[in-house]
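Heavy-atom basis, side chains included; hydrogens, waters and symmetry copies ignored.
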Amino acid sequence: MTKTFYITTAIDYVNGQPHLGHAYEKVVTDVISRARRSLGQPVFFLTGLDEHGQKVQQAAVAEGKTPQAYCDDLASDWIAFTKTLQLTNQDFVRTSQPRHKAVVQAILAKLHREGHFYQSEYRGFYSARQETFLTEKDRRPDGTFDPMYGEVTELVENNYYFRLGAHQQWLIDHIEANPDFIKPAYRRNEVLGFLKNNTLEDLCITRPAARLSWGIPLPFDPDYVTYVWFDALVNYITVPAALGDPLLAAALPELKLPSVEKPQSLWPADIHVIGKDILKFHAVYWPIMLKAIGLPLPGQILAHGWWQKDGEKISKSTGNIIDPIAVINDWGLDAFRFYVTRELDIGPDGNWTDAGFASRYGAELANGLGNLVNRSLSMLKRYRGGVVPSQNDELAAGTAEAVCKIAGHWDKSELQDALTTTWSVVKRANEYIEQTAPFKLAKDPAQAARLDEVLYNLTETCRILAVLIQPFLPQTSLRIMAQLNLPGQADQLAEAKWGGIPPGHVVGDPLPLFPRRDQPPVTKA
RNA sequence: GCCAGAGUAGCUCAGGGGUAGAGCAGAGGACUCAUAAGCCUUUGGUCGCAGGUUCAAUUCCUGCCUCUGGCACCA
């Protein structure tokens with residue numbers, strides 16, 4: 001059984017509708033997934049929802065629904081969202097699913113048995129109205145709590161804790177020995193700085209069921225549900241476990257899930273794509289949990305940044321928001337996928353501007369790629385009736401060099417660099433048209449052979465571009481293939497080898513891929 | 001406060017001890033296959049401030065200023 005490349009997004013908390021940040025993380029993960037598949041690797045891409053917790057319980061009650069029904073309703077929106085983005089995820093995990101509950105409980109039982117947990121008192125200030133403990137940070141400057149919390153009382157609560165203390169040094173060693181474990185490097189430095197300058201406190205992993213019923217009960221103490229860490233993070237191994245992953249079967253022998261015909265080997269995850277806000281959970285708690293369970297650590301934690309809009313924080317209260325679905329409806333899915341991966345490198349924060357979106361659409365998609373394909377096919381149609389001439393390799397070497405570079409970028413999840421390099425192929429082809437001037441050659445019958453050569457190079461470049469953009473712009477890739485009248489998905493980088501389009505083949509009719517747009521984009525809901 | 005990182009052309013950024021670079025935006029030009037797209041040429045910068053090392057600093061060092069990120073519950 002060969003191991004499948006396993007990549008995940010964070011699971012999103014179901015307390016509303018998906019926004020730009022969610023869309024971004026999912027698109028990035030999807031592009032990496034598609035690129036890996038194109039490189040010839042089997043890939044399993046997982047995304048999903050985090051459904052337990054106080055907020056969901058409260059929201060459900062407020063709507064007069066059971067928490068499960070409330071989650072089911074929202075889950076259908078989130079699943080629809082994966083379709084809108086044309087994600088190629090193989091599964092969609094929900095933490096309220098029985099398979100997830102089974103895995104969480106098996107892990108809790110094992111760690112409890114092996115002495116990783118202990119009970120202890122938690123003393124704190126509790127707001128009955130908000131049903132939450134408050135911290136010193138919640139105090140106002142005068143030492144009182146905001147009236148929104150209602151009456152605040154000091155409360156003592158027993159809970160279970162997970163011992164973290166013994167794990168600090170090996171984790172530091174692991175991060176230092178594996179430079180790619182946390183990317184980008186400056187995030188890695190932050191985690192190392194934190195681990196070296198702080199002593200890890202044990203982690204509170206439960207809430208009393210009396211206070212929070214919407215959660216997974218501890219298998220060894222039904223008065224408690226587990227809280228956040230052993231619920232949400234475990235989603236990453238739920239699906240491998242459910243698919244019969246041999247490492248998980250060995251680590252959790254008592255786990256009882258329906259047997260599968262063809263077990264898949266997924267764990268360890270190759271990449272967890274997450275937002276920078278949850279880096280500590282993934283780079284500190286999660287590895288320690290895995291080590292305690294007896295499982296290998298993921299290969300990489302890839303932390304992306306956040307989007308701003310016009311240089312300011314995106315916030316619902318100021319109305320400074322971007323609705324990804326509105327943008328997609330207006331500009332098309334590929335334009336959206338292109339903008340977020342081309343504009344922002346994975347890691348830093350980015351700045352969404354409508355003008356920037358329109359500018360990239362116009363310059364790079366419409367005038368760059370779109371116009372190249374259109375003018376190339378138009379000339380082939382006009383001068384040769386759409387019949388591909390015999391093969392010529394004038395642009396072969398340059399293209400091959402770019403393809404090789406792009407393969408390297410794909411392999412390292414360097415999406416922005418991959419796009420830049422891909423567009424260098426577009427640029428080169430446009431220059432080639434100016435240099436060879438096929439429209440002049442066409443006027444001179446003596447130049448017919450030269451015109452054939454040029455037209456072949458252009459048509460073949462268009463075909464290769466369909467392969468190179470496929471992970472990013474899947475719809476456009478298919479449309480180029482359709483205009484070339486070629487079968488297939490252009491979803492294997494191996495197809496980017498020069499000489500793939502057969503001489504004598506008749507291409508279809510050219511149509512603008514990205515129509516010119518003069519209106520600013522609609523980004524508000 | 002502490003720990004990182006950054007301050008370079010109008011914008012986004014790359015670079016790096018010895019005549020400052022790219023893309024976009026701006027200006028000019030020749031062309032016409034194409035979505036009036038594309039191509040060529042080109043205007044922009046005392047490389048945050050002040051010192052120091054050096055024959056030579058934007059590049060190394062020190063200090064300062066400004067900004068950003070992190071310092072455990074927001075994609």
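Taking the C1' atoms as reference points, C33(B) lies 13 Å from C39(B), given to the whole Å. Straight-line distance between the P atoms of C47(B) and A20(B): roughly 10 Å, to the nearest whole Å. Going from the P atom of U8(B) to that of C49(B) covers 10 Å, rounded to whole Å. Look at the P atom in both G1(B) and G44(B): the space between them is 42 Å, to the nearest Å. Nucleotides U68(B) and C55(B), compared at atom C1', are 39 Å apart to the nearest Å. The separation of C40(B) from C31(B), taken at their C1' atoms, amounts to 10 Å, rounded to a whole angstrom. Spacing between G28(B) and C64(B) at atom C1', rounded to whole Å, works out to 45 Å. Look at the C1' atom in both U19(B) and A36(B): the space between them is 40 Å, to the nearest Å.
For the pair E434(A) and R375(A), the salt-bridge criterion is met [side-chain N within less than 4.0 Å of a carboxylate O]. For E190(A) and K276(A), the salt-bridge test fails: no basic side-chain N is under 4.0 Å from an acidic carboxylate O. A salt bridge does not link R207(A) with E157(A): none of the charged nitrogens is closer than 4.0 Å to a carboxylate oxygen. For R450(A) and E394(A), the salt-bridge test passes: some basic side-chain N is under 4.0 Å from an acidic carboxylate O.
Considering only heavy atoms from C-beta on, E364(A) stays 4.5 Å or farther from L369(A) through its side chain.
F194(A) comes within 4.0 angstrom of a base, heavy atoms only. Base contact: T199(A) has a heavy atom under 4.0 Å from a base atom. Looking at heavy-atom distances under 4.0 Å, Y432(A) makes no contact with the nucleic acid at all. Residue-level contact check: P515(A) touches the bases, meaning some heavy atom is under 4.0 Å from a base atom. Contacts of Y285(A) with the nucleic acid, taken as non-hydrogen atoms under 4.0 Å apart, include base atoms. Contact annotation for G370(A): base contact, defined as any heavy-atom pair under 4.0 Å involving a base atom. A366(A) comes within contact range of at least one nucleobase, with a heavy-atom separation under 4.0 Å. Within 4.0 Å (heavy atoms only), L372(A) reaches no atom of the nucleic acid at all. No engagement by E343(A) is indicated, since no non-hydrogen atom pair under 4.0 Å with the nucleic acid exists. Across all strands, R360(A) comes closer than 4.0 Å to no nucleic acid atom at all (heavy-atom distances). G21(A) comes within 4.0 angstrom of a base, heavy atoms only.
One can place CG of D50(A) at 16 Å from P of C73(B), the figure rounded to the nearest angstrom. Going from atom CG of N430(A) over to atom C1' of C40(B) covers 13 Å, rounded to whole Å. Distance CG (D417(A)) to C1' (A22(B)): 14 Å, rounded to an integer number of Å. D277(A) has its CG atom 6 Å from the P atom of C74(B), to the nearest Å. The distance between atom CZ of F281(A) and atom P of G70(B), rounded to the nearest whole Å, is 13 Å. Taking atom CG of residue L279(A) and atom C1' of nucleotide A4(B), one finds them 14 Å apart after rounding to whole Å. When rounded to the nearest whole Å, the span between CH2 of W307(A) and P of U68(B) equals 19 Å. Rounding to whole angstrom units, CD of residue Q435(A) and C1' of C33(B) are separated by 15 Å.
An anti orientation is assigned to G45(B), its glycosidic angle lying beyond 90° of 0.
When each of A72(B), A34(B), A75(B) is scored by its nearest atom to the side-chain atoms of N374(A), the top-ranked nucleotide is A34(B). For N367(A), the listed nucleotide lying nearest its side chain is G38(B); candidates were G70(B), G38(B), A36(B). Of the listed nucleotides (U35(B), C33(B), A75(B)), A75(B) has the atom at the smallest distance from the side chain of H304(A). Of the candidate nucleotides A37(B), C40(B), C73(B), A37(B) has the atom nearest to the side chain of R516(A).
Remark: the N371(A) side chain and the A34(B) base include a donor-acceptor N/O pair separated by less than 3.5 Å.
If you check C49(B) for Watson-Crick or wobble pairing at under 3.5 angstrom, you find it paired to G63(B). A56(B) is unpaired under the Watson-Crick or G-U wobble criterion, no partner having all donor-acceptor distances under 3.5 Å. Using N1 to N3 plus N6-O4 or O6-N4 for Watson-Crick, or N1-O2 and O6-N3 for G-U wobble, each under 3.5 Å, C71(B) pairs with G1(B).
Paired with L46(A) under the rule side-chain contact (heavy atoms from CB on, under 4.5 Å), one option of T9(A), T29(A), D91(A) passes, and it is D91(A).
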Query raised in the report: What is the per-nucleotide protein-contact pattern of nucleotides 23-32 of chain B, from the 5' end, where B denotes a base atom under 4.0 Å from a protein heavy atom, S denotes such proximity for sugar-phosphate atoms only, and - denotes neither?
Result: --------SS
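Scored by the side-chain contact (heavy atoms from CB on, under 4.5 Å) test, N189(A) finds no partners at all (sequence neighbours excluded).
Residue pairs meeting the salt bridge (Lys or Arg N to Asp or Glu O under 4.0 Å) criterion with at least one partner in residues 11-20 of chain A, sequence neighbours excluded, are D12(A)-K26(A).
With the nearest nucleotide of RNA chain B identified for both I433(A) and D349(A), I433(A) has the one nearer the 5' end. Ranked by how close their nearest RNA chain B nucleotide is to the 5' end, L369(A) and G193(A) are led by G193(A).
In plain terms, the two heavy atoms of E51(A) and T95(A) that are nearest each other are N-OG1, 2.8 Å.
A parallel orientation is assigned to the rings of H22(A) and H19(A), their planes being inclined by less than 30° (bins at 30° and 60°).
Evaluation of Y186(A) against the base of G69(B) yields no stacking contact (centre distance < 5.5 Å, interplanar angle < 30° required).
Between F230(A) and F162(A), the gap from one ring centroid to the other is short of 6.0 Å.
For R187(A) and A4(B), the shortest distance from a side-chain N or O to OP1 or OP2 is not below 4.0 Å.
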